[in-house]
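Have a look at the structure below, then the notes.
Reckoned from all heavy atoms, side chains included, excluding hydrogens, waters and symmetry mates. Just so it is clear, the structure is predicted and the values come from calculations on it, not from any experiment. Lettering follows sequence order; numbering is per chain, from 1.
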Amino acid sequence: MVERGPLVLRPASAIPELCGSVELSRAWVLACERHPQLATVIAYKGRRADVAARLKDRYALSLPDGPRRATRGASALIGLGPRSWLFQRETGPALEPELSEVLGDAAAVTNQSDGYVVFRLTGPRVRDVLAKGISIDLHDRVFVPGCSVGTTCAHIGVILWRLEDANDVSVFELAVFRSLARSLWHFIEESAAEFGLAVTPAC
Amino acid sequence: MRIPCPYCGSRDLSEFVYHGDAAPKRPDPAAENASELFYTYVYLRENPAGPLRELWYHASGCRSWLIVTRDTRTHDIAGAVLAMESAS
Amino acid sequence: MTRLGSGGLIDRSQQLRFTFDGKSYAGHAGDTLASALVANDVKLVGRSFKYHRPRGILTAGAEEPNALVELGTGTRREPNTRATTVELFDGLVASSQNRWPTLALDLLSLNQLLSPFFVGGFYYKTFMWPASFWEKVYEPLIRRAAGLGRASGLPDPDAYEKATAFCDVLVIGSGPAGLMAARTAARAGARVILCEDDFRLGGRLLAERVEVEGRPGAEFARSVEDELAAMPEVRIFRRTQVFGTYDGGTYGALERVADHLLAPPPGVPRQRLWHIVARRCVNAMGAVERPIAFADNDRPGVMLAAAVRTYVNRFAALPARRAVVFTTTDDGWRTAQDLIAAGAEVSAVVDPRREVPDSIMAPLARSGARLLRAAKVTRAIGGSSGVKAVEVAQGGSLLRIEADGLAVSGGWNPQVGLTTHKGSRARWSPELSTFVPGSLPEGMRVAGAVSGDYGLSACLRAGHDAGSAAAQDCGFAAASPDVPRAEDEPIAVAPLWHVTGGRGKSFVDQQNDVTVKDVEIAWREGFRAVEHLKRYTTLGMATDQGKTSNVVGHAIMAELTGRPMEDVGTTVTRPPHLPVAIGAFAGRHRGRHFKPTRYVSGHDWALRHGATMVDAGQWLRPQWFSAPGETDWLTSVIREVKTTRLAVGVCDVSTLGKIDIKGKDAGVFLDRVYINRFSTLPVGKARYGIMLREDGFVMDDGTTARLGPMHYVMSTTTANAGKVMQHLEFYHQVVWPELDIAMVSVTEHWAQYAVAGPRSREVIQAIYGTAADVSNGSFPYLACREIMLGEIPTRLFRLSFSGEMAFEIAIPARYGESLLGELLREAVGRGGCAYGTEALGVMRVEKGHVAGNELNGQTVVRDLGLGRMASSEKDYVGRIMAGRPALVASDRPTLVGVQPVDSKQRLRAGAHVLALGAATTAENDVGYVTSVVYSPTVGSWIGLALVKGGTAQVGTRMRAYDPVRNGDIEVNLVSPIFVDPKGERLHG
Amino acid sequence: MTRFSLLALAREALGGHRGWQPHWRDATPRDFYEVVIVGGGGHGLATAYYLAKEFGITNVAVLEKGWIGNGNVGRNTTIIRSNYLLPGNVPFYELSMKLWEGLEQDFNYNAMVSQRGVLNLFHSDPQRDAYARRGNSMRLHGVDAELLDRDGVRAIAPFLNFDDARFPIQGGLLQPRGGTARHDAVAWGYSRGASLRGVDIIQNCEVTGLDVVQGRVIGVQTSRGPIRAGKVAMAVAGSTSRVAKMAGLTLPIESHVIQAFVSEGIKPLIPGVITFGAGHFYISQSDKGGLVFGGDVDGYNTYAQRGNLPVVEDVCEGGMALMPMIGRVRVLRNWGGLLDMSMDGSPIIDRSPIDGLYLNCGWCYGGFKATPGSGFCFAHLIAKDAPHPVAAAYRLDRYATGALIDEKGVGAHPNLH
Ligand SMILES: Cc1cc2nc3c(=O)[nH]c(=O)nc-3n(C[C@H](O)[C@H](O)[C@H](O)COP(=O)(O)OP(=O)(O)OC[C@H]3O[C@@H](n4cnc5c(N)ncnc54)[C@H](O)[C@@H]3O)c2cc1C
Ligand SMILES: NC(=O)c1ccc[n+]([C@@H]2O[C@H](COP(=O)([O-])OP(=O)(O)OC[C@H]3O[C@@H](n4cnc5c(N)ncnc54)[C@H](O)[C@@H]3O)[C@@H](O)[C@H]2O)c1
Ligand SMILES: Cc1cc2nc3c(=O)[nH]c(=O)nc-3n(C[C@H](O)[C@H](O)[C@H](O)COP(=O)(O)O)c2cc1C
Ligand SMILES: [Zn+2]
């Protein structure tokens, strides 16, 4: 066996050019790239209730029974399908092993943290930008904070959800497969150009 | 066309993949006349003009296979259920 | 100038310059190109399609058949643009079209001399002799003469985009009916979208001298607009035509975002295509007036009566100083009144009716106009500069009345288009002598003139009622009724389709030059169904789709056949209601952005290392890496292959599909979807598998590894990843829902790299250091394991596609690039390199592995020499159908290797295989070459082929026949495994 | 009826066109015909024409539920070609191509057959190999085929997007003899030719039932009463399943819609036919100046002759990706037609399990080019009760035996063919 020092691997951004920030004034839409920890949870046959109970127990999160996003602290659960969810956590220890332990044989837990890039979009014209790619009714009273959808945006599969408003302005997040992040970003840039777009390291 | 996904709600046609008539059921491969049964299953279609229960895959949404009842003359949709939960 | 001194909805303070055919003119903000031309006394605007007849402006709306221009220049040149709907802007450039050399002197108008030959359908009867002349002489001539405007021929420089909007109530049209519908629904609380094609809201209210609530119509429209604009749940889409009704309450609409500007501002698209999803729709598109056919009724200066009112009242532009009005409707008489009110002279009003109510005639009694009843206009006299006089027949005598304009009112045609897009038919209304909407698409109501309600008060009420009902359907309580006060104008119509007796052509479809006589010829030749009439004469097939001509043409056919209009019917209308630019339907999906691009995490890294990228589905993959000094791809590929076979190579295989399959039935499930068994695969082992479609043909292949008792990870080909996922979900959810499994794609989470070659183990060991022992003993061929690399989880597989000892290492994607760097560093230190898909392909062909070219959907496992993999002890998808006689026949082409006899000769995939000396005919075709690469190992081009008799033919010499590339070489059929046939290197 | 000629036209022009006769007799049904053809589309009419002309069988009726040519023959994108791959197909389509080449003189009607070339573009190496395989197969069958590289394509169509493409053009397979024909005129010319030879063309006569006695068809029920028949031949395209059901047959057919588009008329812009190899788009320009184009099927079973927006957009996206110069050209009209999609994408010309009932169906979106060949071979089958050699592979039992003719290799998914 070859002896050598510890290997150091560095994470890379899906869109390195987004790392800088841009002047904020006059921008109607703000965007940033984020990398939360993500894992899919798929309930095994007849185990939905167990999954719900265990997640409630451990994280005080109730399992959404539709395309919705439940949050508690830094954790969130997003309904993806009749028996699958995306668990999201901004920080903390490695998510997948922890969840696997919590859920045991009730569900399949799969790490997806590197599978998606999340864009956060906000600003007074954010709905106008999204409407150019997404055919979901995002009306303020229809798609309220806590709603989520799996859909497509300009031919690109995305998961979209709405966060609580910040400063009375709606905030959305779009999760996209990492390989498609650049194409989605291109869409955001072109679609927001009409209104003015600013990229911020964190918004 | 908009398809009412039982999980996701009403969604645009472009999110779905079509698979045709839901009536044919994969036959018993051990049956004596399995070749004939499979030929019928794989190739023959009633292709009715009128209501049809058909399979759609919500590829860009919840990834569920659905059974949608749709009239092939008008495209009017009477309803949709998850294939996994449908009795038949 | 014929601009009136006052009035109109134009902004006289804003002067806009424009040119038409190079001549410069001025108009005002609020003008259309047509109204500005009218104001500048320009009468001749275009030439007709077939006879090149001089044409002017017939209408003031989107139904215009004649006044079509080329708008803009260079890359922005837009043919066939209706001058009547172009909003004037400063710097606008328009030119006439379909004329040579100039509009005034069009030599092609000589066509008219030949018009006795050029009648409807003439070409079906001629141009057949001699046969060869069609292609060389006649057709090119016909083609050159056809078409109206010229497309730019250059890439469209502007951007288009698409968007979706949702509402409770969509209101189409902002005339009195639409405005009331929108206001009523909005007041009830509904989310309302109001679409108006025009740049100003109001419809006919802008064009008529009418009052609503005691105020001028335009002012009323403005007040409703202001109210709507202030309501948060109302969206007003101006310059937006709704063009189509689709299933499920979806409507297509086109917003002309920047067409009223010289060029779109930065970031702004030229046009936007809207998908409007509406729970209810109030269609208030109004009606358009129709002409009457009489001799030379197409002369410039002949204009529809309501259009004359539009130019006078809305645009303060006078189309005629001395006019004749020819009307079969009460409505037409108002044109005479409005002209006089604007200071023009009306020489005569000609009405075929014997009786015309006094109330209608009275206002003109003292105007000096001759009021001729039971009279008809038989001919418009004049030339390309316009009408000079009008010939009128009354009681057997012919009068000539001097005039510089003729206003014609033949009745109204409701715009039924959007009501019929889903297949219902318009209904003939004998009372109104026109077609009105039949059964309506679900969710749609009609209100106002579109439904045949022509009175203003009736329109306001109908709009109100429809808006209220639509809102109630959506669950909103009715707002208190509020219908504005207005009068119903007289609306009687006495249908008159055409006037006989005049000398000259009577046009039905002006743009396509279809005359009354053409309709007669069609009738005589048996083309009597209206759809036959249309196709034989091209009636209604021009850019206006017969909006002003169809009913007239169909009514003439009804007369000829002696059948009632109810039976004759009308032709099918289709979307788009008005023509829509192709670019708008495409939106931003063009050029490089036609389809999204998928980037591997090592994309930038690969570019930095000299990679040329290649498309693999939506992915981009490194195809080869050019080392310094290498100028052609083959040199690089040969180096990559040699280096890998001799030392070690690193290849990005992240694009392969990866599916995690978990659960207690995962093994059973895999047994059913693969032809071979996976339930017995030990944990920590991988196996190659083949999947069939239910019809027995091969669908995909790949390795599936067992990471835990209830955990497999399947790999698929790059091309089929999505398809396989869908296939698996189908069998899981639809066919065997009883199986307890969970599947999820992890393609994106894991970046994956192949490390191949005799020194691959050293590289892998170097990466893992003490974290894992990857020696042959502890990590043999087909082993797999999850290994932590510090904090980072990885998956390691001992798989090989190249035939060399090889590993695949998977790592969370964000570390991909970094790991690649480390792998390459370790490899280079051992004489290795990075390789791309091309070298990968070379090595797989050298090993006789099948890939996309062989898995083409037409092959079964036996064809590929993989028949033995199929388990005979279990059922699997495709098993039964794969047993059909033709799929097990012994003469099916099966996989062999091919190698040129002369090693310098180039072999190409796609060549067919024939016996030596056999004639090059289809009967002698025994197979074809599927894949070809240059093999540095063999020292020649080599290939795989599917050949009848296959394995039994190995050793024979045949011919690779490739006539489309002038290839024809002798080849030896050999074993498909060119390198290391015993597979010793794998286990190394 | 007058023979169409320049002379006839001149004579009529002088006489004010009063002497023209209907192009075909609008016949009323008689109570018996030797052969009843169900469906007055291109295939039904061509079959009647060749039955009369080639096989001397003239006691024939064509029953059409609407007006002649209202089906797919009157709504297709008019492309004719014989650039097929598989041995079951090539000789048949080449026979059809040859018939096109002499058609106008044969039936004395100008159907404007225009052989301006069909160019299929490719965008990747595997696609090039597949096209080479196909081109070579064509050449082995004596069909014209040329494989062009990028420059070869550029020489023919310099306006294509060569510079900024998502999937750059690498070359194309050209069939110079391919082209277009005036769809409606094909139906009318065959009607006229058949009618002149004694065939009854009966419009507004919907077949509502097939009379089958002891496994043999003896006549049809129609909206205009029963008609007895020696043989009944089905050529009803998208209505195949419905008519077959009248005889209790279930077939390997689904009905789908494909949409087509025509732009406003413009001066000549596009030579021949061009198809995009990396998206769903193909285009040509009509004699009248309209760009005629289309793409993929909508993808769901339907009997409505109309489609929906996603495919409209998909087609135009392909168009703009391939030739961005058409951005400002406007779509004038967009319609749909009902296709008889078969399970392997290839047609069926065969006897049915019922004696005297003959099938002609499964043409998918490619049966216009087949019209002459299909009529010719179907007439042969009906007249001789034996398949014509070039159509012998179009058997109904091939799905059971596995002798499929699947050009695309996509299997039993009609919407993918
Ligand atoms: C949009 C579109 C584009 C196409 N493009 C091409 C192309 O470019 N090239 C090509 O080769 N092919 C093309 N096709 C396919 C081609 O048009 C068809 O395959 C071919 O026309 C079908 O044969 P047909 O002409 O006999 O069918 P049709 O014309 O459809 O004839 C069938 C007839 O049967 C009648 N009928 C149905 N039921 C009954 C009944 N019960 N009683 C009496 N009559 C009945 C129908 O009314 C119809 O007239 C296209 C098709 C469409 C829809
Ligand atoms: N006296 C008569 O004989 C007679 C006959 C007909 C109409 N009229 C008058 O005409 C008016 C009719 O009122 P109305 O509200 O029904 O119609 P309208 O003609 O006033 O308004 C229709 C509006 O719809 C718009 N429109 C049409 N198609 C559209 C589309 N596809 N997308 C978006 N916008 C579109 C038009 O631009 C127009 O502004 C009344 O004032 C009536 O008195 C009178
Ligand atoms: C090759 C071809 C060219 C056509 N050109 C025109 C045209 O120039 N103008 C037009 O209005 N329609 C044109 N059409 C479309 C027809 O009007 C009609 O939509 C089509 O035949 C289908 O019939 P339907 O819409 O009545 O159902 C064309 C159709 C075809 C097949
Ligand atoms: Zn869903």
For this session: Test side-chain hydrogen bond (donor to acceptor under 3.5 Å, both in side chains) on D:E64 and D:N70 and set out the steps.
Result: CA-CA 9 Å; D:E64 167 52 51; D:N70 83 83; 2.7 Å; yes

Exercise. Among B:L44, B:V17, B:D21, who wins on heavy-atom pairs under 4.5 Å with chain D?
Worked result: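 Most pairs with chain D among the choices: B:L44.
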
Contact part of [X] toward chain B, heavy-atom cut-off under 4.5 Å: side chain, backbone, both or neither?
{"X": "D:N415", "result": "side chain"}
{"X": "D:P252", "result": "both"}
{"X": "D:L338", "result": "neither"}

For this session: Could you have a look at D:L416, D:L309, D:V257, D:N308 and say which one has the most heavy-atom pairs with chain B under 4.5 angstrom?
Result: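 Option with the greatest count: D:N308.
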
For this session: Against chain B, work out which of D:E313, D:R306, D:K245 has the most heavy-atom pairs shorter than 4.5 Å and name it.
Result: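 Top count of heavy-atom pairs under 4.5 Å with chain B: D:R306.
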
Problem set entry | Whether D:Y399 and B:Y43 hold their rings parallel, tilted or perpendicular, with breakpoints at 30° and 60° |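 Plane angle between 30° and 60°, so tilted.
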
Problem set entry | Parallel, tilted or perpendicular: rings of B:W56 and D:Y300 (30°, 60°) |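 D:Y300 and B:W56: tilted rings.
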
Measuring heavy-atom distances to chain D, does [X] have an atom under 4.5 Å in its side chain, in its backbone, in both, or in neither?
{"X": "B:D71", "result": "neither"}
{"X": "B:L52", "result": "side chain"}
{"X": "B:Y18", "result": "both"}
{"X": "B:S35", "result": "neither"}

Exercise. D:Y365 and D:H256: ring-ring contact (aromatic ring centres under 6.0 Å, His included), yes or no, with the steps?
Worked result: CA-CA 10 Å; D:Y365 39 75; D:H256 285 258; over 10 Å; no

Problem set entry | Gap between atom CH2 of D:W335 and atom CD1 of D:I258 - 0.5 Å precision |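 So the CD1 of D:I258 and the CH2 of D:W335 are separated by 11.0 Å.
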
Problem set entry | Rounded distance [0.5 Å steps], OG in D:S346 versus CZ in D:F92 |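 D:S346 OG to D:F92 CZ: 10.5 Å, rounded to 0.5 Å.
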
Exercise. In this structure, are over 12 heavy atoms from other groups packed under 6.0 Å from B:R26 atom CZ?
Worked result: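 Result for CZ/B:R26: enclosed.
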
